[in-house]
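The structure appears below as structure tokens.
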Amino acid sequence: MLAYTIRRLLILIPVLLGMTIITFSIVHLIPGNPAQVILGETATEEAIQNLEENLGLNEPKVVQYGIYMADLLQGDLGTSLKTKASISEEILPKLAATAELTIFAMIFAIVIGVNAGIISAWKQNSWFDFFAMVFALIGVSMPIFWLALMEQWLFAQELGWLPSSGRESSRDPIDPITHFYVLDSILHMDFERLFVSLKHLVLPSIALGTIPMAIIARMTRSSMLEVMKSDYIRTVRAKGSGQFLLIYKHALRNATIPVLTVIGLQTGVLLGGAILTETIFSWPGIGRYVYDAITYRDYPVIQSGILVIAFIFVLINLIVDLLYAYVDPRIKY
Amino acid sequence: MSTEEKKQQSEEIDSNPVQFHEDPEEIQAISPWRDAFRQLRKSPLAITGTVIILFFLILGIIAPFITGYGYDEQFLKDRLTPPNSDYWLGTDDVGRDIFTRIAYGARISLAVGFFAIVGALIFGTFLGIVSGYFGKWIDMLISRIFDILLAFPSILLAIAVVAILGPSLQNALIAIAIINIPIFGRLVRSKVISLREEEYILAAKAQGLKNGRIIFNHILPNSLAPIIVQATLGFGTAILEAAALGFLGLGAQPPNPEWGKMLADSRDFIQLAPWTLIFPGISIMLVVLGFNLIGDGLRDALDPKMKN
């Protein structure tokens with residue numbers, strides 16, 4: 001296990017380096033003069049020169065990459081062209097916002113997905129199984145931005161049950177401690193704000209969690225069906241164990257391994273989906289941060305935002321791989 | 001076997017259909033591809049998927065003949081009209097017929113899905129074969145590049161590519177092709193590595209066949225099944241990705257009737273005219289669903305081990 005962990009960490013080094021080369025190249029591969037493209041056609045010669053100097057575009061490429069890497073290693077993600085603020089400082093509360101949304105989306109996906117998968121396998125070929133699997137197929141095929149818009153229309157605008165955008169009531173903002181607003185409201189012992197934060201989380205979490213939910217449901221079902229056929233389950237049955245205990249105590253434990261992998265991988269995929277969901281629900285997370293940066297052609301933010309998301313994605317994949325090796329000792333690496 | 005014997009046997013088969021499969025000659029006569037096709041025809045889900053895709057394909061082809069409007073023709077006095085006999089699916093905020101735009105949009109979505117995936121398939125297969133067949137440093141290099149590309153969530157990498165090239169439909173297509181290359185590459189590489197050690201490949205090598213011939217005549221045909229399944233499922237994902245880029249304003253530009261862009265343009269009218277959002281969204285979902293159904297069916301037919 002230790003050898004595997006070390007090997008897995010070593011493989012990570014070229015991947016991380018490659019990632020920085022890609023994000024570094026975003027500015028440098030722009031056809032024509034990058035500074036001109038960033039500032040637009042009406043920019044003055046002086047403004048272009050200033051920006052070139054600011055971004056260090058006049059230096060040779062290798063030197064520029066060296067500076068970029070040195071800054072990155074010191075935790076400096078650059079300066080936003082729009083707000084002139086340090087990206088490293090700006091990005092932290094946004095990361096917390098995205099993490100909070102991702103966690104709730106995943107809770108929704110796991111609770112509904114795993115249970116739907118279990119019941120589908122338990123009552124194989126029943127009406128429930130049929131509808132759950134059709135629903136899962138539709139869920140996998142659903143454009144999440146469309147689902148998000150439909151939710152907004154139905155539950156926020158037509159029925160008025162839930163807020164349509166943002167994280168909190170704009171008239172009554174939360175005093176942030178961790179920037180996880182649910183946690184912050186609990187720390188403040190402010191249950192009114194906690195309720196408001198939770199209400200804001202419902203629609204974006206469902207939109208973001210629908211695809212993982214569908215995938216988890218399909219995976220759990222097939223994994224459970226496989227396990228239910230095995231000899232030890234027959235033995236448990238012969239012992240006269242009740243159906244509920246059989247499924248939740250004996251079968252689920254062995255069916256979890258592939259499901260765990262899917263859950264881990266989907267958590268990473270959610271980070272990509274966050275760009276769309278956050279844009280629609282005006283959720284002030286990292287996805288929306290990158291989207292706004294694209295609109296303003298704020299290239300340093302685009303670079304750093306993409307790098308940070310990819311870094312977390314790689315980290316989650318690493319944890320999943322290690323967990324997989326830990327949970328299933330039959331697998332030798 | 002004489003004619004009489006054959007006749008007698010066919011009568012026996014008619015009276016007892018189970019015996020049909022007991023004739024070894026009959027079983028040998030079916031190639032794996034024909035067998036897969038037979039299975040596919042029996043799968044109601046795969047048939048549903050095919051019908052959906054054919055519907056949108058035909059809709060795209062005959063678009064100019066079934067609608068009297070142009071996709072960018074504006075009828076300002078009929079802005080945001082609900083569905084009626086003149087405008088089957090209503091009109092948008094500048095009075096364009098939504099049905100016409102969806103029909104023309106089918107051309108864009110299907111074409112983007114097709115070209116992006118075919119592009120990714122060609123480059124991915126090439127790189128996968130080179131990497132898997134030749135191994136050593138070249139495998140090391142290509143595999144690391146795949147690792148790096150797969151380290152980004154796919155939509156994010158597509159955004160990075162479009163941020164470099166500038167927003168347009170063509171660049172969105174290139175971006176989608178690029179993010180799909182490592183997926184095909186890895187698939188083909190692993191298949192080639194497992195085939196490389198097969199005895200018939202060793203025999204071909206011993207016969208002195210050139211690498212190119214071994215790859216094209218022996219390795220490629222045997223790697224086709226997983227590639228076909230991945231490509232079919234990939235069409236759906238590519239269409240979703242193109243719609244997402246269009247929605248973010250990074251894909252098709254106005255007045256192109258790309259479905260994702262249509263959704264973005266209608267966002268502000270959601271309460272006033274929900275039909276402007278409902279129909280393009282359903283179209284994206286149906287096409288993606290269609291490809292997923294065919295892909296699932298193909299996987300079950302071509303790889304019985306993966307059933308469930």
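Bear in mind that the values here come from a model prediction, so they are computed numbers and not experimental data. Below, chains carry the letters A, B, ... as their sequence lines are ordered, and counting in each starts from 1.
In plain terms, the two heavy atoms of B/Pro153 and A/Ile309 that are nearest each other are CG-CG2, 4.1 Å. Closest non-hydrogen pair, B/Ala163 versus A/Ile302, comes out as CB-CG2, 4.5 Å. Nearest heavy atom pair, residue A/Ile306 against residue B/Ala160, reads CD1-CB, 3.8 Å. Heavy-atom minimum distance, B/Ala151 versus A/Val15: CB-CG1, 3.8 Å. Nearest heavy atoms, A/Pro14 versus B/Ile148: O-CD1, 3.8 Å. Across all non-hydrogen atoms, the minimal contact from A/Phe145 to B/Leu240 is CE2-O, 4.4 Å.
Ranked by heavy-atom pairs under 4.5 Å with chain B, the list A/Thr279, A/Val314, A/Leu149 is led by A/Leu149. Each of A/Val27, A/Ile280, A/Thr23 has some count of heavy-atom pairs under 4.5 Å with chain B, and the biggest count is that of A/Ile280. For the options A/Leu29, A/Ile26, A/Ile22, heavy-atom pairs under 4.5 Å to chain B are most numerous at A/Ile26. Among B/Ile155, B/Leu45, B/Leu250, B/Leu277, the residue with the largest count of heavy-atom pairs under 4.5 Å with chain A is B/Leu277. Per-residue counts of heavy-atom pairs under 4.5 Å with chain A were compared for B/Leu156, B/Val287, B/Leu157; the largest is that of B/Leu156. The choice from A/Gly305, A/Pro34, A/Pro143 that makes the most heavy-atom pairs within less than 4.5 Å of chain B is A/Pro143.
Heavy atoms from other residues, nucleotides or ligands lying under 6.0 Å from CZ of A/Phe311 number 12 at most. More than 12 heavy atoms of other shown residues, nucleotides or ligands fall within 6.0 angstrom of atom CD in A/Glu158. Counting heavy-atom neighbours within 6.0 Å of A/Met69 CE, excluding the residue itself, gives a total above 12. Heavy atoms from other residues, nucleotides or ligands lying under 6.0 Å from CZ of B/Phe269 number more than 12. Counting heavy-atom neighbours within 6.0 Å of B/Phe134 CZ, excluding the residue itself, gives a total above 12.
Once rounded to the nearest 0.5 Å, the distance linking CD1 of B/Ile164 with NE2 of A/His28 reads 11.0 Å. B/Ile284 CD1 to A/Met142 CE: the interatomic distance, rounded to the nearest 0.5 Å, is 11.5 Å. In this structure, CE in A/Met19 is found 11.5 Å from CG in B/Leu149, a value given to the nearest 0.5 Å. If you take CG on A/Leu137 and CE on B/Met285, they are separated by 11.0 Å, rounding to the nearest 0.5 Å. Taking CG of A/Leu276 as the reference point, atom CG of B/Leu248 lies at 5.0 Å (rounded to 0.5 Å). To the nearest 0.5 angstrom, B/Ile159 atom CD1 is 3.5 Å from A/Ile275 atom CD1.
Using a 4.5 Å cut-off between heavy atoms, B/Ile282 touches chain A through backbone and side chain atoms alike. Of the two parts of A/Leu16, neither the backbone nor the side chain holds a non-hydrogen atom closer than 4.5 Å to a non-hydrogen atom of chain B. A/Tyr299 touches chain B through its side chain: at least one heavy atom from C-beta onward sits under 4.5 Å away, while N, CA, C and O do not. With a 4.5 angstrom heavy-atom cutoff, B/Ile270 touches chain A via backbone and side-chain atoms both. Proximity to chain A (any heavy atom under 4.5 Å) is shown, for B/Phe152, by both the backbone and the side chain.
No donor-acceptor pair closer than 3.5 Å links the side chain of A/Trp146 to the backbone N or O of B/Pro280.
Results of the side chain to side chain contact (heavy atoms under 4.5 Å, CB included) test with A/Val140 over B/Leu233, B/Asp296, B/Asn292 single out B/Asn292 as the only residue that passes.
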